[in-house]
Amino acid sequence: MLRPRIIPCLLVSDGGLVKTQRFKEPKYVGDPINAVKIFNEKEADELVVLDIDASAQRREPDFTMIGHLAVECRMPLCYGGGITTREQAKRIIGLGVEKVAISAAAIDDPGLVSQIADEVGSQSVVVVLDVRKPMFGKDFDVYTHNGSRKARGGLASLVAEFESRGAGELVINSIDRDGMMKGYDLDLAERIRSTTRLPVTILGGAGSLDDIGALIGRCGIIGASAGSLFVFKGNYRAVLINYPNPAQKDEIVLNNLAR
């Protein structure tokens, strides 16, 4: 039986684990490998690791780091950052990573999605779309390179494009809610969930387990991803890796899917 997934998202910069707010001012919060070990112990459903420097600095993925992460990780692992070729994607999958995430490279060349899907299978291809609500207009704008470049085409057209190109999953990340811990953009989540047949994961804004429950209650079977929620604790944002225990996960899922 398919279930909603609760997914920690780790951001890596200069080899360290960081957290941002609205894609700005990355704060160092620890070592990625240590975080992976803790999420192993807590039996996280899945883990997303994004190197936020790779694409912006136009460098290839850090294969050594990815290999270390894959060796330690005992849950499905998705890696993104700097992937621009099918060969890189194949190499990363060969290291033991289950999924590769692409964003800027896919927007620049949508055909890359098809190429990677042909190489490693659609189920291993995730397209990440970082979005922001414009002051005017109904559709969301999509940005790349840590929110610094606006992409051509709105969110709806890009979702349709990548679905047709063979993407296996979409991650929709709200720039405005990144690190704010005030709840997901549920209207955005519902809109995307109703317009694509692909599995969807929503990222950006979760500040409590209730926020995850609200997302599941609105959208049903969906991925609920979060960064700050799983690395900070309390009003003063003390660094503490955390994750709901099995009983808490069951309560979140069962109570909200039953709505």
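Residue numbers start at 1 and run along the sequence shown. FYI, side chains are in, hydrogens and waters are out, and symmetry mates aren't considered; it's all heavy atoms of this structure.
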Check your understanding: What's the spacing between Ile175 CD1 and Tyr143 OH if we round to 0.5 Å?
Key -> 7.0 Å
**Study point:** Least distance between heavy atoms, Ala35 atom then Ile241 atom
**Key:** CB-CD1, 4.2 Å
Exercise for review: Could you grab the distance from atom OG of Ser157 to atom CG of Asp139, nearest 0.5 Å is fine?
Suggested key: 6.5 Å
Check your understanding: Between Asp31 and Lys37, does at least one N-O distance fall below 4.0 Å, as a salt bridge requires?
Key -> no
Practice item. Any chance you could measure Glu87, atom CD, to Arg91, atom CZ, to the nearest 0.5 Å? Key: 11.5 Å
Review point. Can you list every pair that meets ring-ring contact (aromatic ring centres under 6.0 Å, His included) and has a residue in residues 205-231, with sequence neighbours left out?
Key: Phe230-Tyr243
Point to revise | Shortest non-hydrogen contact from Leu47 toward Phe39 | key: CD1-CD1, 4.0 Å
Point to revise | Heavy-atom pair with the smallest gap, counting every atom of Arg165 and Ser114 | key: O-OG, 2.8 Å
Exercise for review: Compare every heavy atom of Val142 with every heavy atom of Leu155, then report the nearest pair and how far apart it is.
Suggested key: CA-CG2, 3.8 Å
Review point. Does the side chain of Glu190 pick up a donor-acceptor pair with the side chain of Ser194 at under 3.5 Å?
Key: no
Practice item. Can you sort out the partners of Glu169 under salt bridge (charged side-chain N to carboxylate O under 4.0 Å, His left out), two or more places apart, ordered by chain and number? Key: Arg5, Lys99
Point to revise | Ionic contact status for Arg3 with Asp250, cut-off 4.0 Å | key: yes
Review point. Is there a donor-acceptor pair closer than 3.5 Å between any side-chain N or O of Asn242 and the backbone N or O of Leu240?
Key: yes
**Study point:** For Ile93 against Ser124, the heavy-atom pair lying closest together
**Key:** CD1-CB, 4.1 Å
Practice item. Applying ring pair (Phe, Tyr, Trp, His ring centres under 6.0 Å), name anything that partners Phe232, two or more places apart in sequence or on another chain. Key: none
Check your understanding: At what distance, to the nearest 0.5 angstrom, does CG of Asn146 lie from CG of Asp130?
Key -> 8.0 Å
Study note, to complete from the structure: Interatomic distance, CG@Leu69 vs CG@Leu10, rounded to 0.5 Å, equals 8.5 Å
Exercise for review: Answer yes or no: are there more than 12 heavy-atom neighbours, outside Glu43 itself, under 6.0 Å from its atom CD?
Suggested key: no
Point to revise | Separation of Arg152 CZ from Asp141 CG (nearest 0.5 Å) | key: 14.5 Å
Point to revise | For the student: nearest non-hydrogen atoms of Cys73 and Val36, plus distance | key: CA-CG1, 3.7 Å
Check your understanding: In terms of side-chain geometry, is the basic nitrogen of Arg218 or Asp187 positioned less than 4.0 Å from the acidic oxygen of its partner?
Key -> yes
